[in-house]
Amino acid sequence: MLIDFSTFQQRADAVHQRISELCRAARRDAKEVRLLPVTKNHPVAAAEYAARYGFSAVGENRVQEAVEKRALIIAPLRWDLIGHLQSNKAKLAATHFDCIQSVDSEKLLNALDRAAGELGKKLAILLQINAGNDPAKFGVEPADAPRLLEVALTMSHLKVDGLMTVAPQSEDPEIARRTFANLRTIRDELTTRLGAPLPELSMGMSGDLEAAIAEGSTLVRIGTALYGPRI
Ligand SMILES: *Cc1c(COP(=O)(O)O)cnc(C)c1O
């Protein structure tokens, strides 16, 4: 069961408040941090709540699920893919998403560039980096990131906005903090080396928001703190 809209509203207000407080503590401007509601595993009403509250985008982790929901919703929303994408679904993803945050291979870059070209659109992407060196996580290994970015920058139908990471599951908040600090360092090195600005750092979820904001996140992907546990 999905929560009701007024509960969602209260939670969204509370998460914004928490982001403001964390930004103040980190001496950052709260306007630098965008909140992306993650609607995966929830009914389409979750995305409707987001639109009604005033969010401009939502995140989904599976292509098919998002395609089905998007067909049912009238409100104008941008859709971000935050879950793993296989190259054979690149065309479908490029058709239905406004940003692919989970790009982690040259094969996928090629498939997305071709698909975006066919669709006549310039597709925003983030490169997903396994910044926590977690064998259980997707994402390109940090050592391979420069090569992947180099290739990404040659793609005429893709626009590389920045980097994304998912921290390893851990009881120790320092693990997330180190992962996020690592992503920021990787971004800074890539910017210096290849001259790409990479302004977006998509890092932080309900459980590791504090560490993410302290380390420079510009985009936090929040599901549970807004919608409650997933079914
Ligand atoms: C599910 C998911 C989130 C949201 O996680 P919560 O802990 O529910 O906030 C964020 N990012 C990715 C990549 C996800 O798959």
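Throughout, residue positions are numbered sequentially from 1 according to the sequence presented. Numbering of ligands and ligand atoms starts at 1, following listing order.
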- Item | From Ile186 atom CD1 to Ile129 atom CD1, the distance as rounded to the nearest 0.5 Å | 6.0 Å

- Looking only at N/O atoms, are Asn61 and ligand 1 under 3.5 Å apart anywhere? no

- Query: Is Val33 reachable from Leu163 through a run of I, L, V, M, F, W or Y residues, each pair having side-chain heavy atoms under 4.5 Å apart?
  - Reply: no

- Task: Start with the C-alpha distance between Lys137 and Asp104, add both sets of side-chain angles, then the distance that settles salt bridge (charged side-chain N to carboxylate O under 4.0 Å, His left out), and finish with yes or no.
- Result: CA-CA 11 Å; Lys137 288 287 184 296; Asp104 63 357; over 6 Å; no

- Message: Taking 4.0 angstrom as the limit and counting only heavy atoms of Arg221, give me the atoms of ligand 1 inside it, by number and element.
- Response: 4 (C), 9 (O), 10 (C), 11 (N), 12 (C), 13 (C)

- Task: Specify the protein heavy atom at minimum distance from atom 13 (C) of ligand 1: its residue, its atom name, and the distance to 0.1 Å.
- Result: Ile82 O, 3.5 Å

- Give a yes/no verdict on whether any heavy atom in Gln101 is under 4.0 Å from an atom of ligand 1. no

- Check the side chains of Glu200 and Thr218 for a donor-acceptor pair under 3.5 angstrom, ignoring hydrogens and angles. yes

- State the atoms of ligand 1, each with its element, that fall below the 4.0 Å cut-off from a heavy-atom position in Ile222. 9 (O)

- Task: Please tell me if the side chains of Val166 and Phe138 come closer than 4.5 Å, counting only heavy atoms from C-beta onward.
- Result: no

- Message: Within the 4.0 Å heavy-atom shell around Lys40, which atoms of ligand 1 are there?
- Response: 1 (C), 2 (C), 3 (C), 14 (C), 15 (O)

- Task: Evaluate the side-chain proximity of Thr185 to Glu189: yes if any heavy-atom separation is below 4.5 Å, no if none is.
- Result: yes

- Identified ring-ring contact (aromatic ring centres under 6.0 Å, His included) counterpart of His42 within the set Tyr227, Tyr49, Phe8: Tyr227

- Message: Among all protein heavy atoms in this structure, tell me which lies nearest to atom 9 (O) of ligand 1, with the distance rounded to 0.1 Å.
- Response: Ser206 OG, 2.5 Å

- Message: Out of all atoms in ligand 1, which are within 4.0 Å of some heavy atom of Thr224? Include the element for each.
- Response: 6 (P), 7 (O), 8 (O), 9 (O)

- re atom 10 (C) of ligand 1, the protein heavy-atom contact at minimum distance is Met205 SD, 3.3 Å

- Task: Answer yes or no: does an N/O atom from Gly223 fall short of 3.5 Å to an N/O atom of ligand 1?
- Result: yes

